[in-house]
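Encoded as structure tokens, the structure appears first; notes follow it.
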Protein chains: 2
Amino acid sequence: MVQIPNPPPHSSPAPRPVPTSADVARLAGVSRATVSYVLNNTSAVRISEPTRRRVHEAAKELGYVPHAAARSLRAGHSRMVLMPAPDFPVGPLYSQFISELQWALGRLDYTVVQYGSIGVYGDEAARAWAELRPVAVLVPGAGLGPQGVSVLKRSGARAVVTLGPECVDGAHSLLMDHEAVGHCAGSHLFDRGRRRIGVVVPGEAGLESFSQPRLEGVRRALHGTDATVTELPLAYEEEAASRLAARWRELDLDAVFAYNDEYAMLVMRALQDEGVRIPEDTAVIGADDLMLGRLLRPRLSTVHIELPSGRDLAELVDRAVRNPGAAPETHKVLGASVVHRDSS
Amino acid sequence: MVQIPNPPPHSSPAPRPVPTSADVARLAGVSRATVSYVLNNTSAVRISEPTRRRVHEAAKELGYVPHAAARSLRAGHSRMVLMPAPDFPVGPLYSQFISELQWALGRLDYTVVQYGSIGVYGDEAARAWAELRPVAVLVPGAGLGPQGVSVLKRSGARAVVTLGPECVDGAHSLLMDHEAVGHCAGSHLFDRGRRRIGVVVPGEAGLESFSQPRLEGVRRALHGTDATVTELPLAYEEEAASRLAARWRELDLDAVFAYNDEYAMLVMRALQDEGVRIPEDTAVIGADDLMLGRLLRPRLSTVHIELPSGRDLAELVDRAVRNPGAAPETHKVLGASVVHRDSS
DNA sequence: TTGAAAGCGGTACCAT
DNA sequence: ATGGTACCGCTTTCAA
């Protein structure tokens with residue numbers, strides 16, 4: 001970081017205390033109650049227009065901002081929907097999903113907050129979330145057990161929704177069945193006549209919860225056939241891909257499901273550099289249906305993944321919040337379908 | 001979404017009230033004060049071992065979780081660092097930056113919260129953030145003016161840090177000078193003998209604050225030379241790229257800076273399909289130094305971007321929080337350097 | 001139409 | 001070593 005010379009400090013260290021509604025009341029010459037009525041447009045109470053004006057002016061003059069904690073403490077509830085911030089590099093799919101969800105929940109007057117719990121896991125994390133008394137908690141991935149759900153509910157969360165590989169007792173569950181992704185890919189390769197199938201498993205941490213089910217899905221698709229499945233650990237580096245490609249002949253595979261499109265590109269490039277013809281010698285298929293796959297030559301076959309729409313999920317949350325007694329819903333929300341292009 | 005049959009509701013609608021420290025005290029047969037002392041390990045007070053045990057047991061039995069709002073209300077401050085959640089698809093660079101930052105702030109005992117303000121802008125957003133009384137606010141991008149900074153400070157934020165194109169009055173500013181990125185690219189292309197330079201400007205919303213400065217940077221690099229700069233609006237779609245490529249001859253450009261590596265790949269593919277030779281006919285350079293650029297043929301030249309380290313930024317925040325009176329620091333934090341490969 | 005006051009859940013001072 | 005209690009900022013009866 002390059003320091004840039006700054007003007008000398010012009011604000012003296014006089015950190016005035018933060019203005020409260022009492023300050024506003026004092027300045028406006030009214031009671032705190034009146035301030036509250038005015039600023040919240042309380043319909044049950046009529047306040048005269050002159051008073052309203054004085055209150056508003058006082059508030060503006062002081063730069064008054066209400067204290068959310070005090071408010072929700074008094075109210076006994078908030079409209080905060082909490083989700084843990086993702087701790088792995090997140091693709092455009094998930095990015096967009098989050099955005100959409102935030103927008104949809106915002107429309108329903110919820111506030112979405114992503115809580116950065118890094119290095120904190122499982123029930124410990126659940127406790128930390130519970131301290132904020134969110135009205136709902138949305139947890140992607142595994143990592144939240146029935147214990148955690150229970151902690152959250154006992155601390156007032158009216159809805160706990162998990163988005164993961166399996167349903168969690170007591171919580172609404174959106175099943176994102178990544179096995180289906182692998183199953184799709186496996187079946188496709190099999191149908192195309194491939195029998196010696198490699199499956200790339202990323203070396204990077206945090207991806208296991210996606211990669212393992214995808215691998216399992218391939219295994220399941222090929223179970224009971226004469227096809228073989230070979231696990232191919234691979235770090236996301238050119239070097240690693242080259243090494244893998246170098247022993248390709250000896251691996252004797254005629255197809256590879258590369259975990260996702262990015263790994264597929266990595267593998268495809270390494271194989272091509274090694275003189276392996278795609279798809280003649282080896283078929284390649286990725287997943288996520290990224291733009292980049294369309295741009296590769298040969299065009300990359302892929303498994304298109306459909307995440308739940310943010311709107312649907314927002315509605316599920318809202319329903320759950322309004323009716324916390326209802327039985328947890330379980331939905332399969334991950335649509336997987338092959339997009340066949342030229343690499344397979 | 002596919003509905004899966006559920007077991008009948010087994011929890012009756014008896015949502016017990018959330019246990020408070022008073023409940024714990026009652027169950028343990030002690031006062032609320034004692035509960036507080038025990039659960040916080042208050043060192044100024046000795047509590048006998050048997051009492052401690054009873055309190056801990058009672059807390060566990062009730063599933064007691066302290067109420068963060070009440071605590072910070074009483075304490076008069078929290079350790080929450082708030083940042084707005086990004087509302088645009090975020091690349092691996094930024095993803096990693098956030099992760100690192102959360103980790104580093106976590107080590108300093110701060111809690112990072114990404115606040116989902118979608119559809120709320122400028123000072124309105126600042127007010128919403130201020131309601132949470134964060135101890136520090138970190139704002140990427142433009143969109144926060146001196147007004148907003150003032151609102152935040154007056155509501156108790158001890159540090160406001162902006163990460164954007166220009167410094168904001170009253171806030172610590174980390175200057176992410178995307179002009180430098182464009183300047184790098186422009187100079188590089190000029191040095192390689194190119195004179196008719198196109199600059200891709202993404203059509204997607206939310207990217208203007210990056211793309212415009214990058215364009216300006218190219219302009220600045222080429223100002224006063226005989227080189228020309230042509231703005232090339234482009235949506236991130238194959239179609240749009242094809243249309244652009246179709247009129248390439250008539251555009252008569254010998255180089256293009258493609259905003260970033262992803263757009264570069266899009267453009268490169270379209271140009272190659274059109275029979276334009278790279279780099280002979282047209283040089284291409286991207287930005288962000290993604291893995292994918294290394295995998296393209298020809299290998300993609302790019303502008304490597306160095307974001308500030310999460311640790312450094314966390315330390316800046318901590319320093320600012322501990323010493324709120326200090327003059328705002330301003331740092332240039334965006335390192336840009338050309339990685340010359342084969343496409344330019 | 002407005003004000004006084006109770007209380008939300010903790011913490012910390014001052015007694016005991 | 002422990003308990004009583006005031007107080008943080010705000011909302012909401014209830015009374016005037």
Side-chain angles (χ1 to χ4, degrees), chain A residues 16-55 58-59 62-79 127 130-135 154-156, chain B residues 16-56 58-59 62-79 130-135 154-156:
Chain A
R16 271 160 317 187
V18 179
T20 72
S21 77
D23 297 320
V24 177
R26 202 155 22 239
L27 182 57
V30 300
S31 74
R32 290 164 47 203
T34 304
V35 171
S36 177
Y37 293 143
V38 171
L39 296 184
N40 295 305
N41 273 314
T42 307
S43 52
V45 167
R46 306 273 121 220
I47 302 285
S48 69
E49 207 42 56
T51 305
R52 304 184 84 84
R53 247 206 358 265
R54 294 216 317 281
V55 169
L62 293 176
Y64 170 72
V65 175
H67 192 306
R71 176 183 307 204
S72 70
L73 180 57
R74 168 66 220 228
H77 60 258
S78 73
R79 296 197 50 92
R127 257 188 67 98
E131 294 195 357
L132 296 187
R133 298 288 192 274
V135 68
R154 294 179 65 88
S155 67
Chain B
R16 271 160 317 187
V18 179
T20 73
S21 77
D23 298 319
V24 177
R26 202 153 24 238
L27 182 56
V30 299
S31 73
R32 293 195 306 151
T34 304
V35 170
S36 177
Y37 294 144
V38 170
L39 296 183
N40 295 305
N41 273 314
T42 307
S43 53
V45 166
R46 308 272 120 219
I47 301 286
S48 71
E49 207 42 56
T51 305
R52 303 183 85 84
R53 247 203 1 264
R54 295 216 317 283
V55 169
H56 277 124
L62 293 177
Y64 169 71
V65 175
H67 193 307
R71 183 190 308 227
S72 69
L73 179 57
R74 168 65 220 223
H77 60 256
S78 72
R79 301 213 25 110
E131 294 194 357
L132 296 188
R133 299 288 193 271
V135 68
R154 293 178 67 88
S155 68

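The shortest non-hydrogen separation linking Ala58(B) to Val24(B) is CB-O, 3.8 Å.
Within the 4.0 angstrom heavy-atom criterion, only backbone atoms of the sugar-phosphate kind lie near Thr51(B); the bases stay farther away.
The backbone N or O of Asn41(A) lies less than 3.5 Å from no partner atom in the side chain of Arg52(A), so there is not a single donor-acceptor pair.
Between the CG atom of Asp23(B) and the P atom of dG10(C) there is a distance of 9 Å, given to the nearest Å. Whole-Å rounding puts the Arg26(A) CZ to dA4(C) P distance at 13 Å.
Using a 4.5 Å cut-off on side-chain heavy atoms (C-beta onward), Arg54(A) and Thr34(A) make no contact.
Remark: Arg74(A) engages no residue in a salt bridge (charged side-chain N to carboxylate O under 4.0 Å, His left out) (not counting sequence neighbours). Qualifying side-chain contact (heavy atoms from CB on, under 4.5 Å) partners for Ala75(B), counting only residues two or more places apart in sequence or in other chains: His77(B).
Remark: Ser48(A) is in phosphate contact with dT2(C), judged by side-chain N or O atoms under 4.0 Å from OP1 or OP2.
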Would you mind building the protein contact string for nucleotides 7-16 of chain D? One character per nucleotide, 5' to 3', B for base within reach (heavy atoms under 4.0 Å), S for sugar-phosphate only, - for untouched. BBBBBBB---
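Rounded to the nearest 0.5 angstrom, Arg71(A) CZ and Ser21(A) OG are separated by 10.5 Å.
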